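To start, the structure under review is shown below, and the notes come after it.
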2 protein chains.
Amino acid sequence: MTLVVDDDCEPDMSYRKPTIEDVAREAGVSRATASRAMNNMPGASGLTRARVAEVAATLGYRPNQAARALASGRRMVVDLVVVNYDPDLSWIGSHPYFSRVIAGMMSALDGSTVHLQIHVGLMAGAAELIDTVARQATVGAVLVNVPPDLAIRFQRRCPRVVSLNTPASSVPIVESENTAGAYTAVGHLHQIGCRRIAAIHGPSINACASSRRAGHLGLIGDAGVPDIAAGGGFLREGGYRAAAQLLAQHPEVDGLFVSSDLMAAGAVHAITATGRRIPDDIAVVGFDDSIAAVCANPPLSTMRLPVEEMAAAATKALLDGDLPSSWQKTFPVQLITRQSTDPTAAAYT
Amino acid sequence: MTLVVDDDCEPDMSYRKPTIEDVAREAGVSRATASRAMNNMPGASGLTRARVAEVAATLGYRPNQAARALASGRRMVVDLVVVNYDPDLSWIGSHPYFSRVIAGMMSALDGSTVHLQIHVGLMAGAAELIDTVARQATVGAVLVNVPPDLAIRFQRRCPRVVSLNTPASSVPIVESENTAGAYTAVGHLHQIGCRRIAAIHGPSINACASSRRAGHLGLIGDAGVPDIAAGGGFLREGGYRAAAQLLAQHPEVDGLFVSSDLMAAGAVHAITATGRRIPDDIAVVGFDDSIAAVCANPPLSTMRLPVEEMAAAATKALLDGDLPSSWQKTFPVQLITRQSTDPTAAAYT
DNA sequence: GATATGAGCGAGAGCGCTCTCTTAGCCAGC
DNA sequence: GCTGGCTAAGAGAGCGCTCTCGCTCATATC
């Protein structure tokens, strides 16, 4: 294990990053008190706390995470907890949503010394996973696809937690306007002339899936078109099967709203397998604007979800600390029009 | 490829993770000597080195990265250097290759306290980026899409470097059998009856692209079929344009080998836009087995590249240290048959 | 044989922080 | 006033490692 670095470099020898010692001296207190003040530990007066905070700010003090980890025996990590059905890491490469989450978290962690640690658990052993991660959490955790009861369980053990798109009472959350987005998506189909609009929803236990379902129901109610729907599992296979079944039972369908691009890619396979053309016979709108949307043939109109920004916001909130349980942030989603609803769309958007 | 971490933190309080002190005592040497021995620093005899290594192994010693970072003043990070045209981090979510690289590196880093740090640079400022990263490198760097001269430049400044799929004399490398893979892919087209096989190659400066080109040329030479080829940029747009041009100039083409799935997805768009059917009129084989292959319509036959495993191997080599410049590891690629060459293929593979 | 050389190794001083132990200071209660 | 209790704050001992310095001893040089 080689690790020595030739110590060329460091042209500016006069500059030294401020340490807690510097802060303490400047504030006229001891190291211990400065540490207590900055870490919100009991044993420091409000006055001292304020003075230390001020000095730390003017000095631009940033605690050395290595020293902190060594002294406390705890590493500084942000945990990403994903409850999933596939314990294999290779989903990162094949599941466009998670890779975007990771990208966003990494960009938020950029420049800090905080780690990103990923935990994937099967739904079956999820409670245990939650307990383990919550117990050893340091900076905090971002929860993806974790059911509300487990999110609350996590929060009881460790309050530094943000849920991504899965609401659970009292758990801080970053969410996207799924309902409004689905309403817009289905509205788009209606606007281009579809009157027999079918939908393929995600698993109903999934919060995004039910919000999108609500948006869909909202629009078909307002527009007065029938509710034709099937469920998939947010994966390609599910989209394929649901679309095949839908087309068999409702051959008159002229528009299809699919709750995720990955499912939509599968649905496209099923649709073209029946000889129908997209968008001439059936227009299709997906959701997410993941790579699946642009690789599908034809490219899919979809609702763009700012996943990277959302994950980065969740991570930053954790990093900043002081996260009231009412904390939340909502991101808009945006319609992207491609050839699956608009034959005149440019080949590449 | 497992994901979950949790190797620290056993509830057994009597158990203490072995420290360098334990190793030193057991080996009958001082801490300093143990450190020297394990870090390949000069000043320890071969005998001592071996003894320390053995004790460390039997004790299951794992250095505490926090302590190491604190003592040495360096953080332990593995750098991923990507030279690209898009400085925006969001490519991670949309470029299937890089997300798989990251997945693989993360799995190798799993359980250690080593960071993954990503550097993306434009080709224009690449030399500067290389210098910066090499100077502050700790564990080492994995280079993706870094031209040979820059890889060598990096190595001169920091020998702890592995190139992914881009050979540069004397730089350790992890590569895949691109040439053999392309040969197999084109052979597959030939075997199913294609005789007018066109190819869309990646940018010739890219090593993977030229290896795959060599494999393509090899097979068409052996099979005695004409060389019909165009170039794309490894991106969807390039694949689209190249395919459109190819079909216009060579309408007789009945098979298409595309050097990346992303380009192939674009090519599929161009092919179906002309009214041709896949695979009946033209069979298509891609390369990579990325998500683009399965989202394309029809799903693409392709050569599976074990990107995650390759990236993990590169990272592990860095972590283990002691990387002779002749170090290299080669991974095979495997033909995956889907509907773009075989109409009888199952809808999902 | 005396001296220089250098390789192998140990002692020990930190790295920047956390956390326990201890002390100083203050007020309530008898 | 004295004791007890309680809070604010300081002193100091590490956390596990790296790295400099200096010592020892074998080998090379004159």
Side-chain angles (χ1 to χ4, degrees), chain A residues 1-8 10 15-53 55-56 59-76 112-114 138-139, chain B residues 8-9 15-53 55-56 59-76 112-114 138-139 321:
Chain A
M1 184 160 296
T2 316
L3 33 104
V4 178
V5 181
D6 9 352
D7 47 338
D8 45 341
E10 273 333 305
Y15 174 75
R16 230 189 64 250
K17 283 185 74 175
T19 71
I20 198 173
E21 186 77 57
D22 300 320
V23 175
R25 194 184 327 105
E26 202 71 20
V29 298
S30 70
R31 245 183 13 253
T33 299
S35 174
R36 276 189 282 257
M38 290 189 288
N39 292 314
N40 281 324
M41 306 241 50
S45 68
L47 202 70
T48 308
R49 251 172 240 285
R51 154 178 237 80
V52 168
V55 170
L59 253 47
Y61 169 72
R62 297 271 294 151
N64 177 318
Q65 303 293 351
R68 176 178 279 193
L70 179 58
S72 68
R74 273 181 257 117
R75 307 157 42 197
M76 293 297 281
S112 80
T113 51
V114 178
T138 57
V139 176
Chain B
D8 20 27
C9 174
Y15 173 76
R16 229 189 64 250
K17 285 182 75 173
T19 70
I20 198 172
E21 187 77 56
D22 300 320
V23 175
R25 193 183 328 104
E26 203 71 21
V29 298
S30 71
R31 250 185 6 257
T33 299
S35 174
R36 277 190 281 258
M38 291 188 288
N39 293 313
N40 281 323
M41 306 242 39
S45 69
L47 201 70
T48 308
R49 254 171 238 284
R51 155 179 236 78
V52 168
V55 170
L59 253 47
Y61 169 71
R62 299 269 296 151
N64 177 318
Q65 302 294 351
R68 177 178 277 194
L70 180 58
S72 67
R74 278 179 251 118
R75 304 163 43 202
M76 294 298 282
S112 80
T113 51
V114 177
T138 57
V139 176

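We name chains A, B, ... by the order of the sequence lines, and we start the count at 1 in each one. What you see is a predicted model; the values in this text were computed from it and never measured.
Here CZ of B/Arg68 is found 7.5 Å from OG of B/Ser35. Values are rounded to the nearest 0.5 Å. A/Thr33 OG1 to A/Arg51 CZ: the interatomic distance, rounded to the nearest 0.5 Å, is 12.5 Å. For the atom pair A/Ser30 OG and A/Glu21 CD, the distance stands at 9.5 Å (nearest 0.5 Å).
Considering all non-hydrogen atoms of both residues, A/Gly60 and A/Pro18 come closest at O-CG, 4.0 Å. Taking every heavy atom of both residues into account, A/Ala34 and A/Val29 meet most closely at N-CG2, 4.1 Å.
For B/Ser35 and D/dT18, the shortest distance from a side-chain N or O to OP1 or OP2 is below 4.0 Å. The side chain of A/Thr33 places no N or O atom within less than 4.0 Å of a non-bridging phosphate oxygen (OP1 or OP2) of D/dA9.
Side-chain contact between A/Thr48 and A/Arg36: absent, with no pair of heavy atoms (C-beta onward) separated by less than 4.5 Å. Between B/Arg49 and B/Asn40, some side-chain heavy-atom pair lies under the 4.5 Å cut-off. Residues B/Lys17 and B/Tyr61 have side chains not in contact (no heavy-atom distance under 4.5 Å, counting atoms from C-beta outward). Using a 4.5 Å cut-off on side-chain heavy atoms (C-beta onward), B/Leu59 and B/Val23 make contact.
In this structure, the CZ atom of A/Arg51 is 15 Å from the C1' atom of D/dA8, given to the nearest Å. Separating the CG atom of A/Leu47 from the P atom of C/dC26 is a distance of 15 Å, rounded to the nearest angstrom.
Residue contacts shown for A/Gly28 are limited to sugar-phosphate atoms, with no base heavy atom under 4.0 Å away.
For the helix from C/dG1-D/dC30 to C/dC30-D/dG1, the rotation axes defined at the first and last 5 base pairs enclose an angle of 50°, given to the nearest 10°.
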message: Working note: B/Thr19 + B/Asn64, criterion side chain to side chain contact (heavy atoms under 4.5 Å, CB included); need CA distance, chi angles, decisive distance, verdict.
response: CA-CA 8 Å; B/Thr19 70; B/Asn64 177 318; over 6 Å; no
I'd like a list of close polar pairs between nucleotides 12-15 of chain D and the protein, N/O only, cut-off under 3.5 Å.
from	atom 1	to	atom 2	distance (Å)
D/dA13	N6	A/Arg31	NH2	3.0
D/dC15	O2	A/Ala71	N	3.2

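Within residues 36-45 of chain A, the residues that have a heavy atom under 4.0 Å from DNA chain D are, in order of number, A/Arg36, A/Gly43, A/Ala44, A/Ser45.
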